[in-house]
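Right, one structure below, let's go through it.
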Amino acid sequence: MKKLYIETVGCQMNLLDSELVVAALRKEGYELTGSTDEADTVLFNTCSVRQHAEDKIYSALGRLKDAKRAMPDKVIGVMGCMAQKDQRLIFRRAPYVDIVVGPGQLHQVPQLVREARSKPGGQRLEVSLGRTDGKADAIKRSHESFDPLRDPTMRPTPFQAYVRIQIGCDKFCTYCIVPSVRGPEQSRPPSQVLAEARQLAGEGCKEVVLLGQTVNSWRHTEDGRAWRFSDLLYALHEVDGIERIKFVTSYPKDMTDDVLRAVRDLPKACKYLHVPAQHGSDEQLRRMKRGYTIADYREMHDRAKRWMPDVAITSDFIVGFSGETEGDFQQTMDLVRECRFKNSFIFKYSERPGTKAADRLPDDVPDEVKRRRNNELLALQNQISEEDNQRFLGARVGVLVEGPSKAAVKAGRVGGEGPLQLTGRTMCDRIVVFEGNPRQIGQTLPVAVYDANAHTLFGEVVTEHAGPELFQLAGSA
Ligand code: 5AD
Ligand code: SF4
């Protein structure tokens, strides 16, 4: 058996890409190892969204220098967004790297690894075309990635799977590197998405998480029928065995009535929307070229809450983007106070070479100001998340049990038969921790909540037989 070490940073797209690469390499006789020392092949699946993510990978590569000297036929590969962005620069900074593969070329990984092993010495680069390096069709084709092979052991859990429905992005927000590294927006045909969901359900998967950079912008015409994203949700809802459907990440402008109606009306649709606002000030949104105003965002948010009072909405925010004044920042604080997001991911602006902002807008907010604003916004969001979770005290929620809690894993209390601290999620994506036993993993159970903090609900499984009314209550939480 050959041994593969793989490290993944970044978003769910990258996790799914790694799953697929592992599946392909298993077919070649690889098994996973947690140690770079004993690995025959070491792969990094990388992210370019912020400088910090890149720095982490370059230092991890630096640490491999001696290992490669000691074991020269160890194949070292860099895949993903940083591979597409930096290309040959990676060979210059780490000359012992054997292969560099962009996210649109991952189907080539098994062959590239094979070649590197059989003919050591040469460096192999496989990336997609840049956004202006050819005809539109050729650029699109060069970004087509692969999804056919799945490896259940690489999933978040055996009951949950990511399903890619869209690749790339055409929105070109000025701060964002994604449109240049992941290429043009392309939607996957509904027949393929549905076939994959059926296959996953047949393997025991209960929850599918649809992935796209602007997932709710998905649309596709197949066999003369024009599908909207909401049509896809209705069709997926018919797949037997699938109990929950989630989707990330949504684009505010495309949160149309038909999408909200589908989420509201389909019992399997999670009442959870990740719709990044990015900022609370119109001037900043304009500089970011987000394509909407704060009034538009508020309208979308209010509509979602009006139609589904229990819907959980989450957001991303960037602090310290070009030209952000204290007044602008306070408008982000106001938006968070008003929308009371379930949670927010907050990022300090990180200038990315090759973006419009890097070309035209100065990175002029000092780092200590970015840090202070980040902390201030995070403190506000945490306070809101905690207050919001307190509402669940005494309530019963339906939890899809994912596995042992982090604490149980840390304490090494997994794999046995006895009682165990478990974790799972509600229909509105809230994390719930409770005492259970390994047999309950993969089931959907009613749990009574007795404690809550900003990030977690703590509960107890309700053992009496629940009537239909109770389950409805549990389902809507
Ligand atoms: N700097 C900081 N944060 C960024 N994001 C995207 N690009 C940048 C950048 N250059 C954030 C956005 C996006 C999330 C995935 O990362 O908030 O929604
Ligand atoms: Fe980046 Fe904007 Fe596309 Fe999101 S919508 S991936 S932030 S360009």
Side-chain angles (χ1 to χ4, degrees), residues 8-15 46-56 80-82 84-85 103-104 131 143 164-187 211-218 229 247-255 273-281 284-292 296-297 300 313-324 329 332 335-336 341 343-365 367 369-371 373-374 377-378 381:
T8 308
V9 293
C11 62
Q12 288 105 330
M13 278 289 178
N14 272 14
L15 291 174
T46 62
C47 171
S48 281
V49 163
R50 282 169 290 277
Q51 181 68 44
H52 177 65
E54 295 192 349
D55 294 344
K56 255 174 69 178
C81 294
M82 194 184 87
Q84 180 68 36
K85 171 177 160 283
R131 297 280 312 218
H143 277 278
R164 188 177 349 244
I165 69 166
Q166 181 193 55
I167 60 173
C169 182
D170 282 343
K171 301 286 195 267
F172 286 102
C173 303
T174 53
Y175 53 80
C176 188
I177 193 73
V178 168
S180 51
V181 290
R182 291 250 175 200
E185 181 181 317
Q186 302 186 64
S187 61
L211 297 186
Q213 300 298 342
T214 55
V215 70
N216 57 333
S217 319
W218 178 94
F229 178 62
F247 53 90
V248 287
T249 294
S250 291
Y251 184 64
K253 264 302 236 204
D254 291 326
M255 202 54 96
L273 304 171
H274 181 55
V275 207
Q278 307 295 4
H279 210 278
S281 116
Q284 286 276 295
L285 289 176
R286 196 186 58 73
R287 285 166 87 93
M288 292 177 170
K289 211 169 144 289
R290 284 288 287 175
Y292 53 83
D296 296 332
Y297 189 89
M300 179 282 303
I313 302 182
T314 61
S315 178
D316 294 350
F317 287 100
I318 296 177
V319 296
F321 184 59
S322 175
E324 186 190 60
F329 170 66
T332 295
L335 187 71
V336 169
F341 297 104
N343 60 273
S344 294
F345 300 94
I346 300 160
F347 306 105
K348 291 187 296 174
Y349 173 55
S350 166
E351 187 177 84
R352 311 289 43 230
T355 57
K356 287 209 180 78
D359 288 348
R360 297 181 204 158
L361 299 165
D363 181 10
D364 54 1
V365 176
D367 198 56
V369 176
K370 287 181 184 171
R371 206 169 325 132
R373 289 178 185 166
N374 189 331
L377 190 57
L378 194 62
Q381 179 59 63

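FYI, the numbering just counts along the sequence from 1. Counting starts at 1 for both ligands and their atoms, in listed order.
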Residues that F229 engages under ring pair (Phe, Tyr, Trp, His ring centres under 6.0 Å), provided they are two or more places apart: F247
Closest protein heavy atom to atom 7 (S) of ligand 2, given as residue, atom name and distance to 0.1 Å: Y175 OH, 3.2 Å
Candidate pair F347 and F321, rule ring pair (Phe, Tyr, Trp, His ring centres under 6.0 Å), full reasoning: CA-CA 10 Å; F347 306 105; F321 184 59; over 10 Å; no
SB check D170 R182 (cutoff 4.0 Å): no
Atom 4 (Fe) of ligand 2: the protein heavy-atom neighbour that sits closest, reported with distance to 0.1 Å: R290 NH1, 4.2 Å
Atom 3 (Fe) of ligand 2: protein N, O or S atoms that are less than 2.8 Å away, sorted by chain: C169 SG
Trace of the salt bridge (Lys or Arg N to Asp or Glu O under 4.0 Å) decision for D363 with R352: CA-CA 10 Å; D363 181 10; R352 311 289 43 230; over 6 Å; no
Criterion ring pair (Phe, Tyr, Trp, His ring centres under 6.0 Å) on F329 and H279, from CA distance to verdict: CA-CA 8 Å; F329 170 66; H279 210 278; 7.8 Å; no
Cation-pi check, K289 onto F172 ring (under 6.0 Å, within 45° of axis): no
R373/E324 ion pair, N-O < 4.0 Å: yes
Heavy-atom neighbours of K56 NZ exceed 12 at 6.0 Å: no
When you pair each N or O of ligand 1 with protein N or O atoms, which pairs come out under 3.5 Å?
| unit_1 | atom_1 | unit_2 | atom_2 | d |
| --- | --- | --- | --- | --- |
| ligand 1 | 1 (N) | S350 | N | 3.0 |
| ligand 1 | 3 (N) | R50 | NH1 | 3.3 |
| ligand 1 | 10 (N) | Y175 | O | 3.0 |
| ligand 1 | 10 (N) | S350 | O | 2.8 |
| ligand 1 | 16 (O) | R50 | NH1 | 3.0 |
| ligand 1 | 17 (O) | Q278 | OE1 | 2.6 |
| ligand 1 | 17 (O) | Q278 | NE2 | 3.4 |
| ligand 1 | 18 (O) | Q278 | NE2 | 2.8 |
| ligand 1 | 18 (O) | D316 | OD2 | 2.6 |

Listed partners of K85 passing side-chain hydrogen bond (donor to acceptor under 3.5 Å, both in side chains), at least two apart: E54
S187 side chain to Q166 side chain, donor-acceptor N/O pair below 3.5 angstrom: no
